[in-house]
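Taking it in order: structure first as structure tokens, then the write-up.
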Amino acid sequence: MNARTPVDLQTSLKMDEDSNQSSNPSFDAVLSARLSRRGLLRGSVGTVGTAMLGGVALTACGGGDDAVITPVTPTETLLGFDAVAKSLADVVVVPPGYSTSVLYALGDPLTATTPAYKNDGTDTDFENRAGDHHDGMEWFGLDTAGKPSLTSTDRGLLAMNHEATTDETRSSFFLHADGGTTTLPRPASEVDKETAIHGISVVEVKSTSGKWATVPASAFNFRLTSLSENIQLTGPARGNSLMVTKYSNDGTKTRGTLNNCGTGKTPWGTFLTGEENWAGYFTRSATDDTTRGGATAKSVVALKRYGRNAGSGSRHGWESAGTADKYARWDISQGTGAATDDYRNEINTFGYIVEIDAYDKTKTARKRTALGRFAHESAAFGKLVVGQPLAVYMGDDSRGEYIYKFVSTKTWVAADANPTDRITTGDTYLDAGKLYAAKFNSDGTGDWIELSISNTLIANFATYDFADQADVLVNARLAADAVGATKMDRPEWCSTNVANGEIYFTLTNNSNRAVNSATMPPDSANPRVYADIKNGTSTQNGNPNGHVLRVKEGTVGNAATGFSWDVYVFGAESSAAPGTVNLSSLTDDQDFSSPDGLVFSPATGIMWIQTDDGAYTDVSNCMMVAALPGTVGDGAKKTLTYAATAGTLTVDTYVGKAPGADNLKRFLVGPKACEITGLCETPDGKAMFINVQHPGETTAQADIADATKYTSQWPSNAGYGAGKRPRSATIVITKNDGGRIGS
Ligand code: FEO
Ligand code: CA
Ligand code: CA
Ligand code: CA
């Protein structure tokens with residue numbers, strides 16, 4: 001979710017990002033990770049992959065994906081590029097020797113017959129166009145015959161999230177000619193566009209003579225929107241009474257996927273998308289608590305824990321557009337009849353990791369309830385070892401929420417790397433297993449605590465009476481409260497270091513972290529509280545700049561219940577106090593704020609950190625930095641001392657070795673008022689795809705008719721497409737000498 005939402009929206013989002021009122025001690029911090037499927041592919045199919053990649057490296061010199069065809073020097077230096085300076089310009093900046101081009105922007109056609117995007121607010125048919133707010137993204141290679149390929153470098157599918165839309169008060173204003181309606185009821189014609197620009201898209205891309213482009217006529221292309229039919233609910237909560245709705249009387253399916261943020265790619269070749277701030281799209285009446293049985297009724301406790309208080313207005317007012325089911329479902333007020341008569345439970349069908357076969361649009365998507373329900377970001381796989389269970393690491397992005405790990409019951413079978421049926425292979429790994437929440441201890445160790453109905457802390461939890469394991473998974477936040485998981489500074493993406501299997505997590509920021517807070521004081525894994533000044537005037541408190549934490553699993557690997565951890569790097573301004581804020585000694589070429597996207601490249605091993613920032617944007621637009629990190633424990637213990645109401649508060653933390661000029665460098669800065677997010681590459685590492693989300697999101701809706709007042713005109717100012725309205729877009733980055741990105 002963007003960090004610079006207008007005021008009215010912030011009211012609604014705040015509940016999503018700030019609904020952990022539990023009294024867990026936060027002295028220990030939690031952390032969970034994702035082990036990248038890239039690490040998996042490297043490990044388990046390494047022999048095949050290496051051989052094939054070698055072949056590709058040769059053919060790529062004569063292939064189409066490089067602007068200039070020059071052999072890669074074998075002595076390339078990773079992070080050999082010149083660091084990019086911070087920038088407030090309305091352009092994408094990359095180092096000398098690199099090029100970017102816009103590939104796929106909001107509204108671009110996904111069929112041969114869909115008209116070109118006019119970008120004036122009159123376009124329709126978004127079910128056949130790119131959605132809005134491009135976010136996480138994964139590459140799915142295709143060979144010349146159109147079959148899945150692990151090695152193709154000039155043809156593939158991009159599967160990506162369309163998280164949200166730019167709004168000020170309800171209306172997605174760039175999508176409507178006059179900015180749209182901010183009062184209720186919302187017109188159906190506007191709502192129908194807005195529901196369609198959410199979800200995911202899959203689009204074929206191809207490089208011809210060095211020029212990448214989408215293939216609008218490709219039969220592979222498809223969209224899933226917030227209204228797509230027949231999305232299956234799988235795993236322990238399938239068919240549970242919590243899932244029963246008017247749409248699915250047996251609680252086995254729902255419509256659509258929503259607020260899709262981070263992504264993942266499974267070892268069997270499917271796409272994973274995380275549903276993040278879905279709660280704010282629903283409304284319930286002011287009297288709904290009473291209807292449901294009062295403040296202590298189970299469903300009321302659960303709804304509040306997930307940020308939906310009675311009387312909460314919805315983000316867009318979609319429920320107001322008519323009586324048809326596609327509008328009514330967004331009002332989750334309980335009626336007078338049975339659960340099969342209304343949508344009281346509809347919100348329970350959102351908040352999952354959703355598995356989709358990007359190669360085959362006829363396969364039904366699955367919401368994997370075994371992985372828990374929360375504000376999901378990415379899903380990263382741990383090391384892939386034949387005969388061992390899989391681990392999937394995940395974060396819950398709200399202030400004070402937790403890090404999670406899912407461990408599969410089924411152990412890895414090598415043949416599943418190339419299955420006949422990908423999505424049913426997913427059923428065998430992702431529908432049964434154990435879900436854990438992370439607790440970070442002040443001595444640099446941590447514990448994975450299983451969220452099981454047989455855990456007495458959960459079974460006897462005073463706040464909420466769990467009925468069964470399905471209830472534990474659907475209300476994972478409450479279960480993690482019960483076991484005392486560590487409240488984190490907004491866990492965003494996680495990714496696994498392909499070099500050593502350690503799992504990295506971005507903790508983007510936390511304005512609620514406070515020295516005298518009863519529930520969220522600084523702790524070892526979230527140790528900083530300080531004041532940062534923006535624009536010379538406004539003060540930002542808590543942990544405004546965020547940090548990147550990493551975890552090393554215990555000796556048993558994926559199934560470990562204990563780990564060690566430290567903080568790889570603390571975001572900070574280079575001029576900030578080194579002893580309390582700029583703990584990683586970041587320089588002017590390195591400093592960043594609010595890390596969000598995080599991806600290790602399987603080709604180079606480089607870790608790419610992307611920002612979604614609102615704290616340092618008086619100095620620079622959002623950016624992407626490249627890192628070559630070390631290992632957990634390569635730094636030192638550091639004790640921070642705070643003056644507190646109750647006396648002195650000291651916090652021990654563990655700071656990774658300061659990165660140094662050669663190991664951390666700014667690579668890219670985006671246009672104005674955007675977030676940089678999502679990253680994937682061709683397998684040779686020579687073409688990188690990233691997303692520029694919501695350029696110009698700070699534009700006032702009242703200025704819709706005056707393009708000179710838009711806070712960004714990207715990508716039209718980069719020569720892409722019609723109209724001046726800013727558009728979220730995928731760009732492709734190549735190196736002019738044909739080398740790998742980041743060298
Ligand atoms: Fe969609 Fe938490 O970023
Ligand atoms: Ca974000
Ligand atoms: Ca500042
Ligand atoms: Ca994110």
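Excluded from the calculations below are hydrogen atoms, water molecules and symmetry mates; all remaining heavy atoms, backbone and side chain alike, are included. Order of listing sets the numbers, starting from 1, for every ligand and every atom in it. Predicted model only: the values in this text are computed from it and were never measured.
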What verdict does the side chain to side chain donor-acceptor pair (under 3.5 Å) test give for Thr508 and Asp596, after you've listed the backbone C-alpha separation in whole Å, the side-chain angles of each residue and the deciding distance to 0.1 Å?
CA-CA 6 Å; Thr508 194; Asp596 185 342; 5.2 Å; no
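- Of all N, O or S atoms in Glu492, the one lying closest to atom 2 (Fe) of ligand 1 is OE1.
- Shortest distance from atom 1 (Fe) of ligand 1 to Glu276 is reached at OE1 (N/O/S atoms only).
- Centred on atom 2 (Fe) of ligand 1, the OE2 atom of Glu377 and the OD2 atom of Asp397 lie at an angle of 110°, reported to 10°.
- With hydrogens and angles disregarded, a donor-acceptor distance shorter than 3.5 Å links the side chain of Ser620 to the backbone of Ser87.
- Arg550 places no side-chain N or O within 3.5 Å of a backbone atom of Tyr504 that could act as its donor or acceptor partner.
- Computed with the Ca ion (ligand 4) at the centre, the Asp596 OD2 to Glu492 OE1 angle is 70°, stated to 10 degrees.
- A donor-acceptor distance shorter than 3.5 angstrom exists from the side chain of Thr283 to the backbone of Ser312, with no hydrogens or angles considered.
- Contact annotation: Glu377 places an N, O or S atom under 3.0 Å from the Ca ion (ligand 4).
- The closest donor-acceptor contact from the side chain of Asp523 to the backbone of Asn526 lies under 3.5 Å.
- Residue contact annotation: Asp596 places no N/O/S atom under 2.8 Å from atom 2 (Fe) of ligand 1.
- Within the coordination shell of the Ca ion (ligand 4), defined by N, O or S atoms under 3.0 Å, Asp397 is absent.
- For Asp613 (side chain) and Ala615 (main-chain N/O), a donor-acceptor pair under 3.5 Å exists by modelled atom type.
- Take atom 1 (Fe) of ligand 1 as the corner point: the lines to OE2 of Glu163 and to SG of Cys261 open at 100°, to the nearest 10 degrees.
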